[in-house]
Amino acid sequence: MGALLKLTIIGVVLAALGDRLVQFSHRTNIFREIEQVDLPNCQLLKGIEYGSEDIEILPNGLAFISSGLKYPGLVHFAPEKPGEIFLLDLNEERLRPFSLRISKGFDLPTFNPHGMSTYIDEKDDTVYLFVVNHPLYKSTVEIFKFEDEENVLVHLKTIKHPSLYNVNDVVAVGPESFYATNDHYFTDFIMRFVEMFLGLTWTNVVYYSPGDVRQVASGFYSANGITMSSDKTFIYVADVTGHTISIFEKHANWSLSPVKVVQLETLLDNLSVDPLTGDVWTGAHPNGFKLVNYNTKDVPGSEIVRIQNIHSDNPIVTTVYANNGSVLQASTSAVVYGNKLLMGTVFHKALCCEL
Ligand SMILES: *[C@@H]1O[C@H](CO)[C@@H](O)[C@H](O)[C@H]1NC(C)=O
Ligand SMILES: *[C@@H]1O[C@H](CO)[C@@H](O)[C@H](O)[C@H]1NC(C)=O
Ligand SMILES: CC(=O)N[C@H]1CO[C@H](CO)[C@@H](O)[C@@H]1O
């Protein structure tokens, strides 16, 4: 091979790598620093020290908080402690979350809860709690029935399916059916890193019901939080490293068709919708590098973003709370109840402030 050709090939390879690197650092916000934004009357939730990865609030103000996620590549402050689901009554002045009892027969030592969703049966007001679980780093979706008189989660069913290969979050649409995001093709940290570095868009949304399982959307860099509009006609999907929220119309046959994509700057994670206003809220990672490269001297921060008028031509995107990690590290979820804003994190505490 001629020297010139060799040089050309090396040049092309380096240029391609450089391009990947620029795109990768952009997708993971390696260099981003944020301005702090404060809110009044904040209280950290007592007893929650090992994450509050996802939060689901029932119309009556009871909140479920999943805690103790162990995830390849992310820090955990108590790796031997099984995951828990906390219950919190947001109508109380002093917030006192407590760990919910789970019925016998469920494998608690390997409980590793991730995204959650609730489904309320209109016939008899039964509350079903769907929890993404990673026992031994596999992916299942657990369905529980919530008995509010005894404050216990009764385990009904474990769902496993080859199409649900690495589930992140779910949104329940029936007592046994849901949409789920697969956030990476691989569970292995190195392979997920390679997948991200190459900018592969192999993550997707799967519809699951006992008789019908199929992919209904695809082409995300890292599909993560998923939720439904208050009127139940649209599905919103957060793409963390794509920095986008994709909006889909939900059809009677459960297919999804794309409506539009809203571009954000931050690494948005879990999504929620304010039932009163329709605003979309997300807990986000200001800087992806600090998240995966945990350093006590330079901790990952938190950023809570509200998107108003998401269906209009000009959605209003506002950073409502931002902190450098001195109070709250690695925010993932933000949920509103009245004038209260509840904020969850991957592996740190949970915070409630007034709006
Ligand atoms: C589902 O319904 C939509 C809208 O009516 C239609 O466009 C689509 O082809 C249907 N998909 C399937 C898989 O039947
Ligand atoms: C974070 O903010 C706090 C309070 O505003 C400040 O005291 C602290 O030095 C900041 N930490 C870093 C790492 O910037
Ligand atoms: C419910 C949900 O989307 N959970 C995500 C929230 O944030 C964490 C941290 O990145 C994700 O890993 C979860 O998948």
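Counting starts at 1 for both ligands and their atoms, in listed order. The figures here come from the full heavy-atom set of this structure, side chains too, leaving out hydrogens, waters and symmetry mates. Given the structure is predicted, the values throughout are model-derived calculations rather than measurements.
- Distance check on atom 9 (O) of ligand 1: every protein heavy atom falls at or beyond the 4.0 Å cut-off.
- Looking at every heavy atom in both residues, L271 comes nearest to V237 through CD1-C, 3.9 Å.
- Other residues, nucleotides and ligands contribute at most 12 non-hydrogen atoms within 6.0 Å of the CZ atom of R96.
- For F146 and F64, the distance between ring centers is under 6.0 angstrom.
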Verdict with supporting geometry, R306 and D274, side chain to side chain contact (heavy atoms under 4.5 Å, CB included): CA-CA 10 Å; R306 177 187 64 205; D274 181 339; over 6 Å; no

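- For an aromatic pair to be called close, the ring centres must be under 6.0 Å apart, and Y294 with F347 satisfies this.
- Considering only non-hydrogen protein atoms, atom 12 (C) of ligand 1 sits nearest to N253 ND2, 3.2 Å.
- For ligand 1, none of its N or O atoms has an N or O atom of H251 under 3.5 Å away.
- Inside a 4.0 Å radius of atom 5 (O) of ligand 2 there is at least one protein heavy atom.
- Close N/O approach between K297 and ligand 2 is not found [any backbone or side-chain N/O within under 3.5 Å].
- When the options N324, V327, V299 are ranked by their closest heavy atom to atom 13 (C) of ligand 2, first place goes to N324.
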